[in-house]
Amino acid sequence: VNKNGPLDFAVALRRFFLNDFVTAKKKLGRINKKNAMFVESSYILGLIYLTENNPNRAEKYFKRCVRYAATKKRAGIKTEQYISTFKNRCVQQVARISFAQKNHKKALKVLNYVKKIDYIWPRFLLDKAWSYYWNGDNERALGSVVTFQAPLLQRYMVPEANYLRALIYYEMCYFEKSEKIYKEFNRN
């Protein structure tokens with residue numbers, strides 16, 4: 001554990017999945033900026049601190065992940081799309097931390113950094129919809145949820161989106177629509 005080696009990231013990842021966070025943090029903490037797995041190590045450190053219920057420390061590592069992923073260029077087997085996707089995962093975690101701290105405006109601001117041309121962008125729609133909902137912006141929340149009904153995005157549709165859609169309709173006093181979605185949900 002106390003020695004550095006070329007397999008630090010692999011060992012740390014294994015320890016992370018075995019819930020040995022102490023060893024994982026030691027190994028990940030030794031990975032420097034020049035290492036090819038530095039961005040990924042920042043992400044895993046963020047997940048560890050989230051699991052340990054330390055959101056401020058987790059946010060620090062997720063922001064570091066975003067910062068360094070933005071400066072990384074294609075190298076070896078990592079394509080620019082992979083790096084961008086990883087950066088966006090970190091952006092999503094930063095937004096989720098803000099959401100958990102009931103700072104919904106900040107969560108929306110962070111989520112808007114992800115470009116709509118990114119292929120994982122649809123996964124951010126639900127996070128945006130929840131933030132809009134808690135901000136009291138039911139129309140935008142409904143727009144984000146209804147976007148899942150587009151043929152191209154239907155594969156991203158999750159039951160949670162229908163649940164949120166029913167809540168929004170209820171808030172907007174469309175009780176019949178809300179009840180219809182509820183019945184469909186129970187039937188399916």
With [X] via salt bridge (Lys or Arg N to Asp or Glu O under 4.0 Å) - residues at least two apart:
{"X": "Glu40", "result": "Lys78"}
{"X": "Lys109", "result": "none"}
{"X": "Glu184", "result": "none"}

Quiz item: Can the ring centroids of Tyr82 and Phe86 be said to lie less than 6.0 angstrom from one another?
Solution: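 For Tyr82 and Phe86, the ring centres are under 6.0 Å apart.
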Quiz item: Quick check, are the ring centers of Tyr43 and Tyr61 under 6.0 angstrom apart?
Solution: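 No, ring centres 6.0 Å or more apart.
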Roughly how far apart are [X] [atom1] and [Y] [atom2], rounded to 0.5 Å?
{"X": "Lys102", "Y": "His104", "atom1": "NZ", "atom2": "NE2", "result": "6.0 Å"}
{"X": "Leu18", "Y": "Phe16", "atom1": "CG", "atom2": "CZ", "result": "10.5 Å"}
{"X": "Leu45", "Y": "Arg57", "atom1": "CG", "atom2": "CZ", "result": "8.5 Å"}
{"X": "Arg67", "Y": "Lys33", "atom1": "CZ", "atom2": "NZ", "result": "8.0 Å"}
{"X": "Asp20", "Y": "Arg15", "atom1": "CG", "atom2": "CZ", "result": "4.5 Å"}
{"X": "Met37", "Y": "Leu7", "atom1": "CE", "atom2": "CG", "result": "11.5 Å"}

Mind checking whether [X] and [Y] have side chains closer than 4.5 Å, heavy atoms only?
{"X": "Arg64", "Y": "Tyr68", "value": "yes"}
{"X": "Asn35", "Y": "Phe9", "value": "no"}
{"X": "Ile48", "Y": "Leu28", "value": "yes"}

Under 3.5 Å donor-acceptor, [X] side chain and [Y] backbone:
{"X": "Asn135", "Y": "Asp137", "value": "no"}
{"X": "Ser178", "Y": "Tyr174", "value": "no"}
{"X": "Asn88", "Y": "Val91", "value": "no"}

Practice problem: Output all residues satisfying side chain to side chain donor-acceptor pair (under 3.5 Å) with Gln81, sequence neighbours left out; order by chain, then residue number. | Solution: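 With neighbours one apart ignored, the set is empty.
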Cluster question for you: counting only ILVMFWY and a side-chain heavy-atom cut-off of under 4.5 Å, with indirect links fine, are [X] and [Y] together?
{"X": "Leu126", "Y": "Ile181", "value": "yes"}
{"X": "Val22", "Y": "Leu50", "value": "no"}
{"X": "Tyr132", "Y": "Trp121", "value": "no"}
{"X": "Phe185", "Y": "Tyr133", "value": "no"}
{"X": "Val110", "Y": "Leu47", "value": "yes"}

[X] versus [Y], closest heavy-atom pair with distance:
{"X": "Arg123", "Y": "Gln92", "result": "O-NE2, 3.7 Å"}
{"X": "Ile168", "Y": "Asn138", "result": "CG2-O, 3.6 Å"}
{"X": "Ser144", "Y": "Lys128", "result": "OG-CB, 4.4 Å"}
{"X": "Val39", "Y": "Cys65", "result": "CG1-SG, 3.6 Å"}
{"X": "Leu111", "Y": "Asp127", "result": "CD1-CB, 3.7 Å"}
{"X": "Ile83", "Y": "Ala69", "result": "CG2-O, 3.2 Å"}

Quiz item: More than 12 heavy atoms of other residues, nucleotides or ligands under 6.0 Å from CZ of Arg14: is that the case?
Solution: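 Not more than 12 within 6.0 Å, no.
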Quiz item: Stepwise, does the side chain to side chain contact (heavy atoms under 4.5 Å, CB included) test hold for Tyr182 with Asn162?
Solution: CA-CA 8 Å; Tyr182 171 74; Asn162 279 327; over 6 Å; no
Quiz item: What disulfide (SG to SG under 2.5 Å) pairs are there with at least one residue in residues 126-188, not counting sequence neighbours?
Solution: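 Not a single pair qualifies under disulfide (SG to SG under 2.5 Å).
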Quiz item: Pairs in or reaching into residues 121-151: which pass disulfide (SG to SG under 2.5 Å), with residues at least two apart or in two chains?
Solution: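 Matches after skipping sequence neighbours: none remain.
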Self-check item: Step-by-step side chain to side chain contact (heavy atoms under 4.5 Å, CB included) determination, Val94 to Ile97
Solution: CA-CA 5 Å; Val94 171; Ile97 290 170; 5.7 Å; no
Practice problem: Mind running side chain to side chain contact (heavy atoms under 4.5 Å, CB included) on Arg165 and Lys177 for me, showing each step along the way? | Solution: CA-CA 9 Å; Arg165 192 166 54 118; Lys177 284 186 178 187; over 6 Å; no
Quiz item: Where do Trp134 and Phe99 land on the side chain to side chain contact (heavy atoms under 4.5 Å, CB included) test, with the steps shown first?
Solution: CA-CA 9 Å; Trp134 285 106; Phe99 183 86; 3.5 Å; yes
Quiz item: Hey, are Glu179 and Lys183 close enough for a salt bridge, meaning a charged N less than 4.0 Å from a carboxylate O?
Solution: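 Yes, Glu179 and Lys183 are salt-bridged.
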Quiz item: Between Arg30 and Asp8, is a salt bridge (Lys or Arg N to Asp or Glu O under 4.0 Å) present by the stated rule, with each step listed?
Solution: CA-CA 8 Å; Arg30 290 193 182 106; Asp8 279 347; 5.6 Å; no
Quiz item: Taking the six-membered ring of Phe21, is the NZ or CZ of Lys25 close enough (under 6.0 Å from the centre) and on axis enough (within 45°)?
Solution: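 Not satisfied by the 6.0 Å and 45° rule.
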